[in-house]
Number of protein chains: 2
Amino acid sequence: MKSQQVLAYAAGMAERKSDRTRAAILAAARERFGADGYERATIRAIAADAAIDPAMVIRYYGTKEKLFAAAAEFDLRLPDLRDVPRDQLGEELIRHFLTRWEGDDTLRALLRAAMTHETAADRMRQLFTDQLAPTLRELLVDAPDVRAGLVASQALGLALVRYILQVPPVAGLSHDDAVAWLGPTLTRYLTAPLP
Amino acid sequence: MKSQQVLAYAAGMAERKSDRTRAAILAAARERFGADGYERATIRAIAADAAIDPAMVIRYYGTKEKLFAAAAEFDLRLPDLRDVPRDQLGEELIRHFLTRWEGDDTLRALLRAAMTHETAADRMRQLFTDQLAPTLRELLVDAPDVRAGLVASQALGLALVRYILQVPPVAGLSHDDAVAWLGPTLTRYLTAPLP
DNA sequence: CGCATTTATCAACGCTTGTTGACTTTTACT
DNA sequence: AGTAAAAGTCAACAAGCGTTGATAAATGCG
């Protein structure tokens with residue numbers, strides 16, 4: 001064991017020289033994947049953004065596919081909804097999504113890439129299967145997965161129109177207005193009786 | 001003027017030999033763009049689908065970009081909504097979208113390509129600006145464009161989750177169930193007082 | 001210092017892409 | 001039949017891609 005590692009371990013932070021470049025690569029990758037999608041985001045461009053050699057990207061992440069897998073790790077960080085009044089579930093959710101999405105390129109990268117890349121689409125489905133659906137399952141009794149799917153459709157539709165297509169009237173909506181419009185929709189999907 | 005053209009003109013149909021291949025290319029292009037997105041849909045693959053030489057594709061459409069532009073022509077064919085009762089506007093709209101989308105690859109092609117290709121994103125915005133928004137503007141008095149944008153967000157979100165990501169609970173929804181769930185949402189977006 | 005390990009550089013590879021131009025076959029009219 | 005136009009074929013190009021391996025520089029320890 002190298003002494004640097006020992007010191008780092010003692011100090012509570014395992015910081016190597018390479019960790020900074022790893023992080024730089026990952027940040028550049030998220031940005032590029034988010035802006036250009038999977039195929040147009042070239043390793044060469046990502047490397048240029050991180051001000052390093054393209055070969056380094058491969059050296060650290062093995063392959064473009066694995067780099068994307070690392071860059072597309074995303075946690076919705078859903079809040080605890082058990083104490084939220086039933087008629088405010090939608091508002092709470094949509095407000096959370098809005099703040100979670102902005103300031104993090106990851107979801108945009110995932111969404112863009114999911115259109116053309118099967119791995120990304122799988123990740124997106126996992127987001128639904130492993131995070132959204134289980135959380136909502138704790139709150140709902142009948143058909144929780146259908147309700148979760150409906151919530152996803154409106155939430156992702158908003159992300160699509162607002163961040164990707166940037167259709168003016170929706171892209172320009174304030175958080176409060178978006179919550180006021182979409183909140184009741186999600187609440188109804190979660191609480192209305194089955195058709 | 002060639003006699004074939006004269007005859008064709010007299011018969012009311014200008015059918016050349018090339019028209020069939022043109023159409024075959026366009027159909028194959030829509031299918032491939034819809035399945036793979038813009039960059040992964042190669043001209044070679046499209047040509048193979050149409051059982052034709054790749055050079056023919058260029059000969060007929062000039063460039064991949066122009067081929068896409070031709071393949072992405074799409075008419076929503078929105079019905080006349082002026083006679084529909086206000087509280088059924090959403091149901092009518094969502095049912096129309098569902099039937100319009102299925103059996104035509106064009107919208108899927110547009111949606112997939114719009115994520116990574118600026119031309120496609122422009123087309124998508126034009127769909128909104130030139131077709132959806134004007135139609136709804138005839139029916140609504142206050143903030144018609146915002147309402148149209150909200151309708152688009154839910155409609156496209158449904159297409160995304162159902163046709164592209166294919167999240168099981170939503171992909172498996174019957175038309176009637178989808179209409180029952182989403183109809184009231186769109187109706188509210190169109191008729192509810194501003195927040 | 002000397003040396004081993006980590007980190008970075010460079011040029012090149014094999015492959016696929018869109019696109020082109022020269023050429024041959026088919027078509028349809030005089 | 002002869003011929004000019006249309007339709008189709010073929011091989012090749014330049015460029016860009018992900019990826020590799022040999023090699024150089026930097027780093028930190030004894």
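By convention in this document, chain letters (A, B, ...) are assigned in the order of the sequence lines, proteins followed by strands, and residues within each chain are numbered from 1. Just so it is clear, the model here is predicted, and its values are computed rather than measured. Values below: all heavy atoms of this structure, side chains included; hydrogens, waters and symmetry mates excluded.
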(message) Would you say A:T63 places a side-chain N or O within less than 4.0 Å of OP1 or OP2 belonging to D:dG18?
(response)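 No, no such contact exists.
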(request) Please check the phosphate of D:dG8 (OP1 and OP2 only) for any side-chain N or O of B:T21 closer than 4.0 Å. (result) yes
Closest to the [X] side chain: [options]?
X: B:T42; options: D:dC17, D:dG8, C:dT17; result: C:dT17
X: A:A55; options: C:dT9, D:dT9, C:dT19; result: C:dT9
X: B:Y60; options: C:dT7, C:dG18, D:dA7; result: D:dA7

(request) State, to 0.1 Å, how close A:E92 and A:L81 come at their nearest heavy-atom pair, and which atoms those are. (result)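 Heavy atoms of A:E92 and A:L81 come nearest at CG-CD2, 3.8 Å.
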Grab the [atom1]-[atom2] distance between [X] and [N] for me, whole Å please.
X: B:M56; N: C:dT19; atom1: CE; atom2: P; result: 15 Å
X: B:E39; N: D:dG18; atom1: CD; atom2: C1'; result: 16 Å
X: B:I52; N: D:dG8; atom1: CD1; atom2: C1'; result: 8 Å
X: B:K66; N: C:dG18; atom1: NZ; atom2: C1'; result: 13 Å
X: A:R59; N: D:dG21; atom1: CZ; atom2: P; result: 10 Å
X: B:D53; N: D:dC10; atom1: CG; atom2: C1'; result: 7 Å
X: B:D36; N: C:dT16; atom1: CG; atom2: C1'; result: 15 Å
X: A:D19; N: C:dT7; atom1: CG; atom2: C1'; result: 12 Å

Give a yes or no on whether a salt bridge exists between [X] and [Y], defined as a side-chain N under 4.0 angstrom from a carboxylate O.
X: B:R22; Y: B:D19; value: no
X: B:R30; Y: B:D104; value: no
X: A:K64; Y: A:E39; value: no
X: B:D142; Y: B:R147; value: yes
X: A:R162; Y: A:E102; value: yes

Listed pairs, N/O of protein and of nucleotides 13-15 of chain D, under 3.5 Å:
none

(message) In terms of relative ring orientation, are B:Y38 and B:H117 parallel, tilted or perpendicular, with 30° and 60° separating the classes?
(response) parallel
